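Heads up, the thing below is written out as structure tokens.
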2 protein chains.
Amino acid sequence: MLRRATEIDEDGAAVWPQHTAEACGIAIAGVRDALYVLNGKWKLPLIVAMTNGPQRFKDIQRALGDITPKVLSKELKELELNEFVVRKVYSTTPVTVTYQLTPYSQTLDKVMQELRDWGVKHRQRIVASRKAR
Amino acid sequence: MLRRATEIDEDGAAVWPQHTAEACGIAIAGVRDALYVLNGKWKLPLIVAMTNGPQRFKDIQRALGDITPKVLSKELKELELNEFVVRKVYSTTPVTVTYQLTPYSQTLDKVMQELRDWGVKHRQRIVASRKAR
DNA sequence: GATACCGGTATCCTTTAGGATAGTAGTATC
DNA sequence: GATACTACTATCCTAAAGGATACCGGTATC
């Protein structure tokens with residue numbers, strides 16, 4: 001469990017009850033393992049982009065707005081390797097390729113939800129503090 | 001809300017009920033905003049390292065194991081700028097400097113918890129699949 | 001006087017991420 | 001026959017991240 005501050009001191013810093021340093025190493029390792037596969041600017045946004053169902057290459061590119069095909073291709077391959085995504089080719093004319101999330105990618109749902117909500121609130125905070133100046 | 005697959009097809013991919021593309025843009029923006037301040041290899045592990053209370057420079061370095069002082073110094077400055085951390089100097093001999101989490105950093109608690117738990121489980125999965133080979 | 005600890009800086013370097021631009025094969029459209 | 005679309009790949013390049021190593025002033029310790 002994360003520990004919580006019980007007070008706030010004059011400098012606005014949290015004051016902590018005590019100091020139990022042990023299981024901290026496990027927590028650090030967990031976070032680092034997560035970051036290892038979710039690294040970079042694009043992996044998580046890409047997963048979000050596919051949340052509503054299978055998406056084609058160009059669709060994803062449009063959804064992200066500013067990713068180049070080279071980078072998108074690389075990121076999708078890495079997501080495939082880590083079993084977050086399945087690539088499917090349909091022999092239509094012209095050929096259709098879709099990318100869709102795997103069940104394993106759904107284990108990330110809570111992480112994504114929390115991160116997304118935090119991001120939205122963080123932006124609000126930034127905007128508010130800009131106005132206050 | 002994140003949508004969930006209702007079935008799994010032969011390839012192990014999730015099958016999605018429908019396709020509602022709208023609020024997806026907001027979700028992507030939220031995640032990108034979050035990643036913008038939490039970027040890189042070190043920010044989140046550093047925050048974890050300070051979760052148990054104020055830490056000194058060398059303590060943090062030891063907790064992370066393989067971060068160089070230059071990088072640590074830079075990361076701590078960025079965390080300070082984003083109001084996740086407060087730096088405090090005590091005029092002891094020799095001088096003592098501590099870094100501690102702010103109340104605002106606690107808004108990240110859930111994100112951290114989810115990410116850490118996911119990371120731990122992900123590692124277990126990887127280890128298990130290695131054994132299976 | 002030599003060594004060690006603390007909290008960093010300074011300098012240099014390599015690696016990686018990521019972007020810009022162009023091009024590809026195949027089909028379809030005008 | 002020119003142009004456009006899809007799903008990429010290829011080449012080149014820049015900027016940033018991050019690591020290695022050395023060093024600094026101040027104090028304390030052996």
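Only a predicted model underlies this, so the values are computations on that prediction, with no experimental measurement involved. Chain A is the first sequence line, chain B the second, and so forth, proteins listed ahead of strands; every chain is numbered from 1. Atom set for the values below is all heavy atoms of this structure, side chains included, hydrogens, waters and symmetry mates excluded.
Here the P atom of nucleotide C:dT9 and the CD atom of B:Glu75 are 14 Å apart, to the nearest Å. The interatomic distance linking A:Leu35 (CG) with D:dG18 (C1') rounds to 15 Å, in whole Å. At whole-Å resolution of the value, NZ in A:Lys74 and P in D:dA10 are 15 Å apart. Rounding to whole angstrom units, OH of residue A:Tyr90 and C1' of D:dT6 are separated by 16 Å. Look at CD on B:Gln55: it is 14 Å from P on C:dG8, rounded to the nearest Å. Between the C1' atom of C:dT16 and the NZ atom of B:Lys41 lies a distance of 11 Å, rounded to the nearest Å. Whole-Å rounding puts the A:Glu80 CD to D:dA7 C1' distance at 14 Å. Atom pair A:Arg87:CZ and D:dC8:P shows a separation of 4 Å (rounding to whole Å applied).
A salt bridge is defined here as a Lys NZ or Arg NE, NH1 or NH2 lying under 4.0 Å from an Asp or Glu carboxylate O, and A:Asp66 with B:Arg32 meets this definition. A salt bridge does not link B:Lys121 to A:Asp33: none of the charged nitrogens lies less than 4.0 Å from a carboxylate oxygen.
We find the CG-CG distance between A:Leu38 and A:Leu79 to be 8.5 Å, quoted to the nearest 0.5 Å.
Residue B:Arg56 places at least one side-chain N or O closer than 4.0 Å to OP1 or OP2 of C:dG7. The side chain of B:Tyr99 contributes an N or O atom lying less than 4.0 Å from OP1 or OP2 of C:dG8.
Cluster membership check: A:Val86 does not share its hydrophobic cluster with A:Leu81, using side-chain heavy-atom separations under 4.5 Å among Ile, Leu, Val, Met, Phe, Trp and Tyr.
Ring geometry, B:Phe84 versus A:His122: the interplanar angle falls under 30°, so the pair is classed parallel (tilted spans 30 to 60°).
When distances run from any side-chain atom of A:Lys77 to the nucleotides D:dT9, C:dG7, D:dG18, the shortest one goes to D:dT9.
Judged by distance alone, the side chain of B:Thr96 and the main-chain N or O of B:Tyr90 form no donor-acceptor pair under 3.5 Å.
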**Item:** B:Arg125 vs A:Tyr104, side-chain contact (heavy atoms from CB on, under 4.5 Å): CA-CA, chis, key distance, verdict
**Value:** CA-CA 11 Å; B:Arg125 178 186 147 106; A:Tyr104 184 58; 3.2 Å; yes

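Of the residues in residues 57-72 of chain A, those lying under 4.0 Å from DNA chain C by heavy-atom distance are A:Thr68, A:Lys70, A:Val71.
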